[in-house]
Amino acid sequence: MAAKTTSVENRFRPNGRNWPLMYAFLIACGGSTKTTSATSLAVTNALRGYKGTIWDLDANLSTSLVCGYDEKALEGRKNVYDLVTGRATLDEIVVPARYRIGDGYEDDAFMEIPNLNLVPGSIELAQADTYIALDADAQDWFKEVLESYDGDDEIWYLDFPASYGRMVYSVARMLDENDSVVPSVRADPKDIAMLPKLLEELVRIREKNRNRRSVPGRPTVNHLLLTGTPTATYSEAAPRRAKEIAEKKYGHWLLPFVRYSADAKKIYEDTCPLPVILPNSYPAEDYRKVSTSLGYTDRT
Ligand SMILES: Nc1ncnc2c1ncn2[C@@H]1O[C@H](COP(=O)(O)OP(=O)(O)O)[C@@H](O)[C@H]1O
Ligand SMILES: [Mg+2]
């Protein structure tokens, strides 16, 4: 156990903890590009040689789908809801992230993405808030997963639903200021207007956990991703205005802009991550800049 974790660089084990650095793609705003950013950054970093796991915490299964697992592929498999309800361990549910290269569901229909695992989602996650509400101990599920972790992942990417419910809280309260809550927001003034609510929610979580010693309780926005930003051919007023607002109000958090591409929706049509299916698109190029700016230069 000790041998495995000592080989991981200190930056991926803040304060010597035993679990990986975490990026939480969180903001209660539907269609704000959380899944696109989580999967694109996870795959970009994995292709650069950083070992990670992406967590599908949304009952819509978007992340699972983009990482090569549709409902049929997940049938009969244990998933994140089994973790929430204590019916499985992390080792039992992780699968390699992959994309389709042929027909059917045998392993040879897929190409695995090196260095990246997936925690598969579940439509049952829609009941997670109720489950946690009924049992006071149930919200410790994520804390227990972290405390018992003995693997060698460097980074975890958490893809959240558009809510601030109990399940989201059970995960978010385990972050500290070394981890990053990364709201991924479309370049649209309406979406940027959802940021204050997120910041209020994080204050609430920090206040609630202020005197607790067994829970970090300090989820912090360290970065902001603005996506769908203007290009030479996409220069409408709303995205331009959004960019100005973001620079003025949140400039200190801004990562490199992720430019607009009508092709971005292909990740859902073809169920394949953007850096794999469209490596030369503006957004794929920009997610590589984001990766570099976070300190993940190519190791390969
Ligand atoms: N850079 C981009 N340019 C244009 N459209 C994008 C871009 N990134 C994502 N999108 C589109 O935005 C929509 C919402 O993205 P998604 O990642 O599913 O958001 P969320 O997970 O927050 O619900 C999708 O239709 C997606 O194709
Ligand atoms: Mg999503």
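What you see is a predicted model, and the numbers here were worked out from it, not measured in a lab. As the structure lists them, so they are numbered: ligands from 1, and atoms in each ligand from 1.
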Original post:
Side-chain donor-acceptor pair under 3.5 Å between Tyr157 and Asn45, yes or no?
Top reply: yes

Original post:
Only one of Phe142, Phe25, Phe160 clears ring pair (Phe, Tyr, Trp, His ring centres under 6.0 Å) with Trp55; which?
Top reply: Phe142

Original post:
To the nearest 0.1 Å, how far is atom 26 (C) of ligand 1 from its closest protein heavy atom, and which atom is that?
Top reply: Thr36 OG1, 4.1 Å

**OP:** Taking all non-hydrogen atoms of both residues into account, name the closest pair between Thr231 and Arg259 and its distance.
**Re:** CG2-CB, 3.8 Å

Subject >> Asn60 near the Mg ion (ligand 2) via N/O/S, less than 2.8 Å >> reply: no

Original post:
Between the side chains of Arg218 and Thr220, does any donor sit under 3.5 Å from an acceptor?
Top reply: no

**OP:** Quick one: do Thr63 and Asp159 satisfy side chain to side chain donor-acceptor pair (under 3.5 Å)? Show the steps, please.
**Re:** CA-CA 7 Å; Thr63 289; Asp159 187 25; 2.5 Å; yes

Original post:
Starting from atom 1 (N) of ligand 1, which protein heavy atom do you reach first, and at what distance in Å?
Top reply: Arg259 O, 3.0 Å

Original post:
For ligand 1, is there an N or O atom under 3.5 Å from any N or O atom of Lys34?
Top reply: yes

Original post:
What protein heavy atom sits nearest atom 4 (C) of ligand 1, and how far off is it?
Top reply: Ser261 O, 3.1 Å

Original post:
Is Leu175 reachable from Leu198 through a run of hydrophobic residues whose side-chain heavy atoms are each under 4.5 Å from the next?
Top reply: yes

**OP:** Could you label the plane-to-plane angle of the Tyr105 and Phe110 rings as parallel, tilted or perpendicular, counting under 30° as parallel and over 60° as perpendicular?
**Re:** tilted

Original post:
Atoms of ligand 1 less than 4.0 Å from Tyr260 heavy atoms?
Top reply: 3 (N), 4 (C)

Original post:
Which protein heavy atom lies closest to atom 25 (O) of ligand 1, and at what distance to 0.1 Å?
Top reply: Lys265 CB, 4.4 Å

Original post:
Is Asp82 paired with Arg77 through a side-chain N to carboxylate O contact shorter than 4.0 Å?
Top reply: no

Original post:
What's the shortest distance from atom 12 (O) of ligand 1 to any protein heavy atom, and which residue and atom give it?
Top reply: Thr33 CG2, 3.8 Å

Subject >> Protein heavy-atom partner closest to atom 13 (C) of ligand 1 - residue, atom, separation in Å >> reply: Gly31 O, 4.4 Å

Original post:
If you measure from each heavy atom of Ser32 to ligand 1, is any distance below 4.0 Å?
Top reply: yes

**OP:** Mark whether atom 7 (C) of ligand 1 lies under 4.0 angstrom from at least one protein heavy atom.
**Re:** yes

**OP:** Tell me which protein heavy atom sits closest to atom 24 (C) of ligand 1, plus the residue, atom name and distance to 0.1 Å.
**Re:** Tyr268 CE1, 4.2 Å

**OP:** Please test Thr33 against Ser184 for side chain to side chain donor-acceptor pair (under 3.5 Å), starting from the C-alpha separation and ending with a verdict.
**Re:** CA-CA 6 Å; Thr33 69; Ser184 182; 2.9 Å; yes

**OP:** Quick one: look up the protein heavy atom nearest atom 2 (C) of ligand 1 and list residue, atom name and how far away it is.
**Re:** Ala264 CB, 3.7 Å

